[in-house]
Structures are given as C-alpha cells and as structure tokens.
S.K.: 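Right, I'll just put the structure down here and ask away after.
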Amino acid sequence: MELVEERPYRFRIERHGDMRVPGLVFASRQLLKDAEKSLEQVVHVATLPGIVGASYAMPDIHWGYGFPIGGVAATDVDEGGVVSPGGVGFDISCGVRLLAADCDRAELRPALLAVMDGLDRAIPRGAGPGGVWRLDGPRQLERILQGGSRYAVEQGHGEERDLIRCEDGGAVADADVTRVGPRARERGLGQVGSLGSANHFLEVQQVARVYDERAAAAFGLAEGQVCVMIHCGSRGLGHQICTDHVREMGRAMARYGITVPDRQLACTPVDSPEGRAYLGAMAAAANYGRANRQLLTDAARRVFERAAGVRLSLVYDVSHNLAKIETHPVDGTRRRLCVHRKGATRAFPPGHPDLPRDLRGVGQPVLIPGTMGTASYVLAGVPGGGAFASTCHGAGRTMSRHEAVRTITDRQLRARLERDGIAARPLSWRGLPEEAPEAYKDVDAVVAVAEEAGLCGRVARLVPLGVVKG
DNA sequence: ATGTGC
C-alpha cells in the first residue's frame with residue numbers, strides 16, 4: 001500500500017481502482033506498523049456509493065468486520081449515499097460514560113476495597129443473560145428502545161443532569177422498534193443493565209494529570225479527583241440487529257445495482273426501505289446502549305453512597321460505534337451526510353449547537369477507555385477537526401485474542417495489577433489475559449497522535465484504582 | 001463485540 005505523508009501524522013492513499021475518494025489515515029509510522037493489513041479495508045470503504053471527502057482512519061485503526069475499527073466514512077444522503085451495518089459494527093452504540101466523584105483519591109482510600117467489593121456484587125457482567133433490571137415484559141423493552149436513558153431516569157434511576165450530559169440528551173427520536181427482530185428482542189430482554197465481556201469494563205479511576213484547566217473545569221474534573229468510567233454497549237440485542245440487517249442488505253444490494261469489494265460491506269442507500277429499516281433498528285439499539293449505561297450508573301451510585309458516602313455526577317456519555325445523519329460542509333456547500341463512526345468518537349468543536357450550553361465554550365468531551373491497568377483519557381473536540389468531527393476511541397488491539405492467551409498468563413497479569421496497586425474484580429481470571437495491556441497499542445501514543453493530527457485536544461489523563469470486568 | 005460457530 002502506497003502511503004504519502006502529506007503532513008505530519010496524516011497519510012494519504014491516492015485514489016486507485018474503484019476508489020471514489022482517497023484514503024486519509026491519521027497516524028504515526030510506529031502506530032501504522034501494527035495496522036498495515038487494515039489499510040486494505042480503508043481502500044474498500046472508499047468504493048462505497050455516495051462516499052464524500054475521504055475514507056478516514058483514526059490512529060487506533062485495526063482490522064474489523066468489513067470496515068476497519070477506527071474508521072470514519074460519510075455518505076451524501078441526497079446523492080444516493082449508502083448506509084452499511086459494517087460501518088457501525090456488531091456492538092451498536094458501544095460507548096463510554098464518565099462520572100466524577102465528589103472526593104479525591106486520599107478521601108476514598110479507606111473505603112476503596114469496600115467499594116470494589118460492592119461493585120463486584122452489584123455489576124452484572126460476562127457473556128449471556130443477567131442485568132440489574134428484570135423487565136416486566138416485551139412492552140417495557142420497547143419503552144427502553146424508544147426512550148433510552150431518558151426512560152431509565154423517568155423511572156427514578158438517575159437525575160436530570162444525566163440527560164443533559166448524555167449524547168442526544170439520552171435518547172434519539174428516530175428509533176423504529178418494528179425493525180428490531182424477534183431474536184434481538186429476546187436477547188435484549190434479559191441483559192438490560194449489564195456490562196458484557198471482552199474489553200468492556202467499569203473502572204474506578206483518579207485524575208492523574210490535567211492538560212487543559214479550562215476544559216477540565218467545565219467538564220467538572222480536577223487533579224486527584226476520583227472518577228468512574230463505564231465502557232459497554234448494546235449486548236446481544238445490538239449484535240443480533242447487525243446480523244439480521246447485514247443479511248437483509250446483502251440480499252437487497254443487487255436490486256440497487258451496488259457491488260462491493262467485500263460482502264462484509266453490505267449496504268443499501270440511506271434512502272431505501274432497507275436503509276431506513278437498519279437506521280431505525282440501529283437507533284433503537286443506540287437507546288438500549290444508553291439505558292444500559294444509565295442503569296449501571298445507578299447501580300454504581302448506590303454502592304459509592306453506601307460504602308463511602310460519595311456522590312457521582314455525569315461528565316459525559318458518548319458512543320464510538322454509530323452512524324448518524326449530520327450536516328457538514330462538502331466542497332463549500334452544506335450537505336446532509338450519513339456519518340459512520342466505527343471505533344471512532346464524535347468530537348464536536350467548541351460552539352457546536354448540539355452541545356450542552358455549559359460545554360459550548362470548550363467543545364465536546366471525548367472519552368477514551370484505555371486497556372485494563374493502563375491510562376484512560378478525556379479529550380475535547382477542536383475546530384476544523386478534519387474527519388467530520390471525529391477522533392480515536394481507544395488503544396486498539398495489536399495481538400489477536402488467541403495470541404494474547406498464548407503469550408500472557410493470568411498469573412503474570414495478576415502480579416502486574418497487584419504491583420500497580422489496582423484492585424481487580426474480574427468475573428473470572430481465566431481468559432483475562434485476552435485483555436492484557438500487552439495485547440493493545442499504547443493508548444498514550446494513540447491520543448498524542450490524535451492531538452498532533454489536529455483531531456482533538458487532551459484535557460485529562462486518568463489512571464485506574466480498581467477495575468470490574470466480565 | 002457475541003447465548004465466543006455453520
């Protein structure tokens with residue numbers, strides 16, 4: 001693959017073959033070493049009907065289903081642009097929520113282990129069913145799919161600020177529950193308020209460093225402060241929706257005269273029955289994901305209040321796996337675009353009208369989960385971001401799960417967490433090495449490159465005190 | 001990511 005470094009930390013793949021736009025990869029040479037193969041996927045995405053600007057890749061790019069993880073692609077809705085479930089990923093609405101505690105590390109210290117034990121009991125996690133909410137039937141699931149975290153708060157599981165500080169005010173309006181199939185509903189019914197497994201986690205953290213005092217103050221963060229970060233998605237429901245609609249679109253594609261270089265890129269026009277059906281179901285999964293994080297917030301709050309007398313207030317909640325209809329300038333005119341972000345975080349700049357009023361001066365908070373036992377970051381959107389207001393989403397894997405289990409033992413991992421004073425509460429230690437830091441890129445390098453490339457600004461660095469995992 | 005496979 002021929003890459004031209006057209007400016008620092010921005011590499012260009014010139015149009016060739018069936019590419020409709022170039023590829024633009026925000027990265028360093030070092031980060032690219034681990035991602036070479038996934039550049040083929042950047043090229044594949046550039047062939048999609050209606051794509052505008054470029055096929056973008058963030059610094060944490062790695063191999064994904066059809067689209068790379070760390071990919072951003074925008075299509076022009078009014079020019080036959082397509083929507084592709086592979087551009088969102090299986091874990092629809094996977095995202096991160098950050099809560100700020102009203103105490104610092106020293107104040108929490110005497111109660112930390114009691115808090116961790118409380119979370120260990122209160123946070124449902126791991127594969128399969130189980131959640132903090134037992135629904136009273138399919139009608140209640142529909143209310144969650146329609147109302148997202150707004151519904152959870154209305155039911156008494158949160159406060160008004162939880163909605164103000166959540167992307168889309170806690171729920172998107174365009175969910176179409178009739179497009180969520182029976183299997184997806186069945187799977188979703190028993191998993192409301194659960195973490196899941198793999199790289200999902202709930203961490204107790206402290207703010208180790210503040211880079212931008214003004215933004216940190218607006219976000220409600222200060223050095224030494226305790227935080228809680230929740231990283232999870234839409235569980236089996238989102239997974240099943242992706243499976244169902246990929247199959248449907250794969251069958252329908254030919255009718256629209258669309259051919260793609262990889263069947264995993266199945267897509268139809270946004271403005272088609274299949275496109276609207278997917279987006280309606282995807283929006284329902286987006287609401288499910290927010291409700292999920294809201295209910296885990298509620299569970300964590302009760303533990304912190306009981307064990308430590310500590311209150312948690314929402315900093316922000318943002319997804320890194322979604323497609324959204326947004327307006328952006330393209331060649332000087334404002335166009336309605338379907339922006340696919342897969343393992344990429346929306347990062348609205350200061351002044352954006354969709355930001356909560358008190359954040360408008362500093363830009364949207366961007367929440368970057370690190371790997372177990374490493375740092376996480378709070379970033380902010382900046383003017384002229386360059387990839388339809390998007391940035392990275394995390395560390396990104398370098399080792400396959402298989403390779404990680406083969407090379408890292410659970411004893412090594414356990415010793416490392418103990419050495420670093422991190423109280424781990426895994427559901428089981430077996431399989432945990434899949435998520436060891438060695439299996440991931442260096443998150444510090446990823447966010448440094450994202451900032452250097454002009455995609456976002458660093459606000460704060462967070463380090464773990466305790467981690468709850470599936 | 002995932003009732004960790006078709």
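Keep in mind that this is a model prediction, so the values were computed, not measured.
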S.K.: Is it true that E142(A) and R185(A) have a side-chain N and a carboxylate O under 4.0 angstrom from each other?
M.R.: yes
S.K.: Which residues in residues 235-245 of chain A have a heavy atom closer than 4.0 Å to any atom of DNA chain B?
M.R.: R235(A), G236(A), H239(A)
S.K.: Considering only NZ, NE, NH1 and NH2 on the basic side and carboxylate oxygens on the acidic side, decide whether E274(A) and R255(A) come within less than 4.0 Å.
M.R.: yes
S.K.: Has S197(A) got a side-chain N or O lying under 4.0 Å from the OP1 or OP2 atom of dT2(B)?
M.R.: yes
S.K.: What is the distance from OH of Y65(A) to P of dG5(B), rounded to the nearest Å?
M.R.: 16 Å
S.K.: Give the rounded distance in Å between these two atoms: CG of N321(A) and P of dT2(B).
M.R.: 11 Å
S.K.: Is a salt bridge present between E36(A) and K33(A), judged by a nitrogen-to-oxygen distance below 4.0 Å?
M.R.: no
S.K.: Does R425(A) pair with D117(A) as a salt bridge, N-O distance under 4.0 Å?
M.R.: yes
S.K.: In chain order, what residues pass the ring pair (Phe, Tyr, Trp, His ring centres under 6.0 Å) check against H62(A), with sequence neighbours excluded?
M.R.: none
S.K.: Looking for any heavy atom pair under 4.0 Å, which part of the strands does R183(A) touch: base, sugar-phosphate only, or nothing?
M.R.: base
S.K.: May I have the distance from L432(A) (atom CG) to dT4(B) (atom P), rounded to whole angstrom?
M.R.: 19 Å
S.K.: In whole angstrom, give the distance that lies between atom CD of E435(A) and atom P of dT2(B).
M.R.: 11 Å
S.K.: Inspect the contact between R397(A) and E435(A) and indicate whether a charged nitrogen and a carboxylate oxygen are less than 4.0 angstrom apart.
M.R.: yes
S.K.: Specify the residues of residues 89-98 of chain A, ordered by number, for which at least one heavy atom lies under 4.0 angstrom from an atom of DNA chain B.
M.R.: F90(A), D91(A)
S.K.: Salt-bridged, E167(A) to R290(A), with N to O below 4.0 Å?
M.R.: yes
S.K.: E186(A) has an atom CD; how far is it from atom P of dT2(B), in whole Å?
M.R.: 17 Å
S.K.: With the threshold set at 4.0 Å, does a side-chain nitrogen-carboxylate oxygen contact exist between R302(A) and D298(A)?
M.R.: yes
